[in-house]
Student: 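Pasting a structure here, questions to come.
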Amino acid sequence: MEQFIKLNRPRISRKYTLLFLVALPIFSFAQKTENVVLITLDGLRWQEVFSGADSSLLFNEKYTETIEKTAKKFWNDDPLERRSLLMPFLWSEVKTKGQIHGNRALGSKVDVKNIYGFSYPGYNEILTGYPDKEVDSNDEKYNKNTTFLEFLNQKPAFNNKVAAFCTWQVFPYIINDKRSGVPVNAGLQSANSTGTKQESLLNEILETVPSLASKRFDFLTYYLAKDYMTAKKPKVMYIAFDETDEFAHEGKYREYLTAANTIDSFIEDLWAYCQSEEQYRNKTTFIIATDHGRGDAIKDQWKSHGQKVKDGYSIWFAAMGPDTPALGEIKSSTQLYQNQIASSIVKLLGEKFENGKPVGKPMDVLFIK
């Protein structure tokens, strides 16, 4: 009997050693993200994101009212200081704990794949991972393509835990709320999800105070979204702001900068909220992006974008969450694309995105190896 035990003991040891080695990677590298918040700032140029206010626009009376007052808030001779004045949360918390891509001056490139370079094609690409040539206008037409929001909403783990709050009134069509079942609040639609006093007040403001740029103020989009998150605790939230693009089209640079600065403060507030809640704390990834770039200031094209404006295809994005390495500002020569965002978000949530189209692959850089 003693001999039998000695002969078989190594075999048992090897068996359990093998099981341990097989199981170890699963536990060591298990993803922690259970929630994702996607935030987009319409048409915010990479130039301002990485260098702050542009002197050729800020000190130009054609584009900036109250130059002295605006410069006091947003100007510094050092571009690194300027960008921190414009988006302090991005260049403190996100830079420290996440990644910021798209500084073309340092070789980090992020581009759109669609051939149009304006909003509906851009948002279709972000949300579906497919740069569809047939999506060629900003018309209010229901999208034939399946967004990652719809894909996730069909999964038992995410069903009725996906929502979108958007300033631009075209988003119900882009997300195809009728087919997808994803609740989308946008434009002049009143919210009727939470029944809170805050929702009622925000609806009253929406109905009685006209916006200066888009169909409604970005602050209404934000606070309606936050009210929904507080009451409903969704796992996937999309918040789409619009005023940066609208003010740029109008040639109002002061307002354009102020809109970007305000949205940065909204992102900071929402991150703080998520870190205060058990469901979201250390289990939530933020993705921050834009749908398109815009023209060069020197060429006097900054108000525009589209097929005739080359810089309109150059974009940026940022990410911060428990599964994303804290690489800060990317300073190496890299190339990423807008059509990779959807599959990356779905992968962060432990799923593989498929919608019947050749979607972009997940970005490896967003995942701890």
Side-chain angles (χ1 to χ4, degrees), residues 33 36-51 83 86-87 89-91 93-114 117-119 121-131 147-149 166 236-242 244-245 260 263-264 266-268 270-271 284-294 305 311-321 323-349 353 359-367:
T33 298
V36 169
V37 178
L38 170 63
I39 300 167
T40 54
L41 295 77
D42 198 302
L44 180 61
R45 299 195 311 166
W46 71 268
Q47 290 93 330
E48 276 85 12
V49 171
F50 292 99
S51 297
R83 70 188 190 183
L86 181 65
M87 304 185 78
F89 182 72
L90 182 73
W91 291 109
E93 193 81 356
V94 179
K95 180 176 180 291
T96 302
K97 297 181 178 179
Q99 303 176 10
I100 308 173
H101 296 258
N103 189 344
R104 303 179 83 84
L106 300 178
S108 174
K109 297 180 181 179
V110 186
D111 292 289
V112 303
K113 279 277 192 177
N114 73 80
F118 58 88
S119 291
Y123 288 120
N124 171 75
E125 185 175 340
I126 290 172
L127 298 174
T128 73
Y130 176 59
T147 69
F148 79 86
L149 300 168
C166 315
V236 181
M237 174 67 85
Y238 176 37
I239 306 175
F241 298 107
D242 188 55
T244 43
D245 188 66
I263 294 168
D264 180 82
F266 292 157
I267 298 171
E268 178 180 19
L270 194 64
W271 179 259
T284 302
T285 294
F286 274 34
I287 303 289
I288 308 163
T290 189
D291 56 328
H292 57 73
R294 35 188 357 102
H305 53 90
D311 287 350
Y313 295 92
S314 304
I315 58 171
W316 60 275
F317 83 94
M320 176 171 62
D323 297 304
T324 298
L327 302 179
E329 180 182 11
I330 304 303
K331 300 180 180 180
S332 57
S333 180
T334 55
Q335 177 68 71
L336 297 171
Y337 292 98
Q338 188 177 63
N339 71 332
Q340 296 179 272
I341 293 174
S343 59
S344 297
I345 290 174
V346 173
K347 183 178 178 180
L348 282 164
L349 293 168
F353 183 42
V359 301
K361 296 180 180 179
M363 303 175 194
D364 290 338
V365 71
L366 297 186
F367 300 87

Student: Could you report the tightest heavy-atom contact between Ile315 and Gly293, atom names first, then the distance?
Tutor: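 Closest approach of Ile315 to Gly293, heavy atoms only: CG2-N, 3.6 Å.
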Student: What verdict does the side chain to side chain contact (heavy atoms under 4.5 Å, CB included) test give for Val94 and Phe286, after you've listed the backbone C-alpha separation in whole Å, the side-chain angles of each residue and the deciding distance to 0.1 Å?
Tutor: CA-CA 9 Å; Val94 179; Phe286 274 34; over 6 Å; no
Student: Applying side chain to side chain contact (heavy atoms under 4.5 Å, CB included), run through Leu90 and Glu329 and close with a yes or a no.
Tutor: CA-CA 10 Å; Leu90 182 73; Glu329 180 182 11; over 6 Å; no
Student: Working to the nearest 0.5 angstrom, can you tell me the gap between Thr33 OG1 and Leu366 CG?
Tutor: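 Here the rounded value is 10.0 Å.
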Student: Determine whether a donor-acceptor pair (N or O, by modelled atom type, separation under 3.5 Å) exists between the side chain of Gln338 and the backbone of Glu125.
Tutor: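 Not a single qualifying donor-acceptor pair exists.
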Student: How long is the span from the CG atom in Asp245 to the NE2 atom in His305, to the nearest 0.5 Å?
Tutor: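 It is 4.5 Å, given to the nearest 0.5 Å.
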Student: Search all heavy atoms of Asn114 against all heavy atoms of Tyr313 and return the closest pair with its distance.
Tutor: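 For Asn114 versus Tyr313, the nearest heavy atoms are O-CE2, 3.4 Å.
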Student: Say whether, by atom type as modelled, one donor and one acceptor occur between the side chain of Ser343 and the main chain of Gly360 under 3.5 angstrom.
Tutor: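 Checking the backbone N and O of Gly360 against the side chain of Ser343, a donor-acceptor pair under 3.5 Å is found.
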Student: Supply the atom-to-atom distance Gln340 CD to Met363 CE, rounded to the nearest 0.5 angstrom.
Tutor: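 Here the interatomic distance stands at 5.0 Å.
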Student: Identify whether the distance between the nearest side-chain nitrogen and carboxylate oxygen of Asp42 and Arg294 falls below 4.0 Å.
Tutor: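 A salt bridge is absent here (no side-chain N lies under 4.0 Å from a carboxylate O).
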Student: Measure the spacing between CZ of Phe317 and CG of Leu38 and express it to the nearest 0.5 Å.
Tutor: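 It comes to 11.5 Å.
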Student: What heavy-atom pair brings Ala289 and Ile341 nearest, and what distance separates the two atoms?
Tutor: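 Residues Ala289 and Ile341, closest heavy atoms: CB-CD1, 4.1 Å.
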Student: Quick one: are Lys331 and Ser108 in side-chain contact, heavy atoms under 4.5 Å?
Tutor: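 Lys331 does not reach Ser108 side chain to side chain.
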Student: Is the Phe50 ring parallel, tilted or perpendicular to the Trp91 ring (thresholds 30°, 60°)?
Tutor: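 Geometry flag for Trp91 against Phe50: perpendicular rings.
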Student: Are Trp46 and Asn103 close enough that some pair of their side-chain heavy atoms sits under 4.5 Å apart?
Tutor: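 Yes. Closest side-chain heavy atoms under 4.5 Å.
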Student: Quick check for you: to the nearest 0.5 Å, what is the distance between Thr285 atom OG1 and Ile345 atom CD1?
Tutor: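 The CD1 atom of Ile345 is 9.5 Å from OG1 of Thr285, to the nearest 0.5 Å.
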Student: Classify the ring geometry of Phe353 against Phe148: parallel below 30°, tilted from 30° to 60°, perpendicular beyond 60°.
Tutor: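 Ring orientation of Phe353 relative to Phe148: perpendicular.
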Student: What pair of heavy atoms forms the shortest contact from Val49 to Arg83, and how long is it?
Tutor: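 Smallest heavy-atom distance, with atoms named: O-CB, 3.6 Å.
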Student: Could you tell me whether the side chain of Leu270 reaches within less than 4.5 Å of the side chain of Met237, counting heavy atoms only?
Tutor: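 Answer no - side chains too far apart.
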Student: Please give me the minimum heavy-atom distance between Leu41 and Asp291, naming the atom from each residue.
Tutor: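 What the structure gives for the nearest pair is O-OD1, 4.2 Å.
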Student: Nearest 0.5 Å, what's the CZ-OG distance between Phe367 and Ser344?
Tutor: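 Separation between the atoms: 5.0 Å.
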Student: Looking at Thr128 and Thr147, would you say the former's side chain and the latter's main chain have a donor-acceptor pair under 3.5 Å?
Tutor: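 Checking the backbone N and O of Thr147 against the side chain of Thr128, no donor-acceptor pair under 3.5 Å is found.
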Student: Where the side chain of Thr290 meets the backbone of Gly43, is there a donor-acceptor pair that is under 3.5 Å apart?
Tutor: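 Yes, the answer is positive, given that a donor and an acceptor are paired below the 3.5 Å cut-off.
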Student: Indicate the atoms forming the closest heavy-atom contact of Leu86 with Ala260, along with that distance.
Tutor: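 Here Leu86 and Ala260 meet closest at CD1-CB, 4.2 Å.
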